[in-house]
Amino acid sequence: MRRRSNRALRRGAVLVEYALLLTAFAIPAMMGIVAGGVAMAKDYQEARSQLLRPLP
């Protein structure tokens with residue numbers, strides 16, 4: 001009985017640690033990637049419109 005409770009406590013600790021890692025690193029990293037992608041798309045649209053103008 002004691003073995004099962006120790007194993008359950010360790011499993012719970014791993015889940016808490018995983019949740020903390022997600023909130024501390026993964027979510028901010030994904031937000032940064034999305035922000036960078038939005039900026040790159042905007043720059044691409046501007047460059048494309050400049051290149052496709054009929055007069056230089």
Side-chain angles (χ1 to χ4, degrees):
M1 185 96 174
R2 190 175 267 294
R3 274 189 168 163
R4 286 186 185 183
S5 64
N6 284 341
R7 193 176 301 163
L9 287 175
R10 278 186 275 155
R11 190 177 312 143
V14 169
L15 289 174
V16 170
E17 185 177 350
Y18 181 67
L20 289 173
L21 283 173
L22 271 178
T23 57
F25 296 105
I27 293 174
M30 288 187 302
M31 289 172 57
I33 290 170
V34 168
V38 169
M40 286 175 59
K42 183 181 173 189
D43 287 344
Y44 168 76
Q45 300 266 340
E46 289 176 7
R48 186 182 67 178
S49 67
Q50 289 260 339
L51 288 172
L52 293 177
R53 285 187 180 169
L55 298 173

Next item on the list: Dump the intermediate steps for side chain to side chain contact (heavy atoms under 4.5 Å, CB included) on I27 and M31, then the final yes or no.
Entry: CA-CA 6 Å; I27 293 174; M31 289 172 57; 4.1 Å; yes
Item checked: E17 atom CD, over 12 foreign heavy atoms within 6.0 Å -> no
Next item on the list: Please name the residue in the list V16, L20, L22 that meets the side-chain contact (heavy atoms from CB on, under 4.5 Å) test with Y18.
Entry: L22
Next item on the list: Find the distance between CZ (R48) and CD (Q45) and round it off to the nearest 0.5 Å.
Entry: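 Going from the CZ atom of R48 to the CD atom of Q45 covers 4.5 Å.
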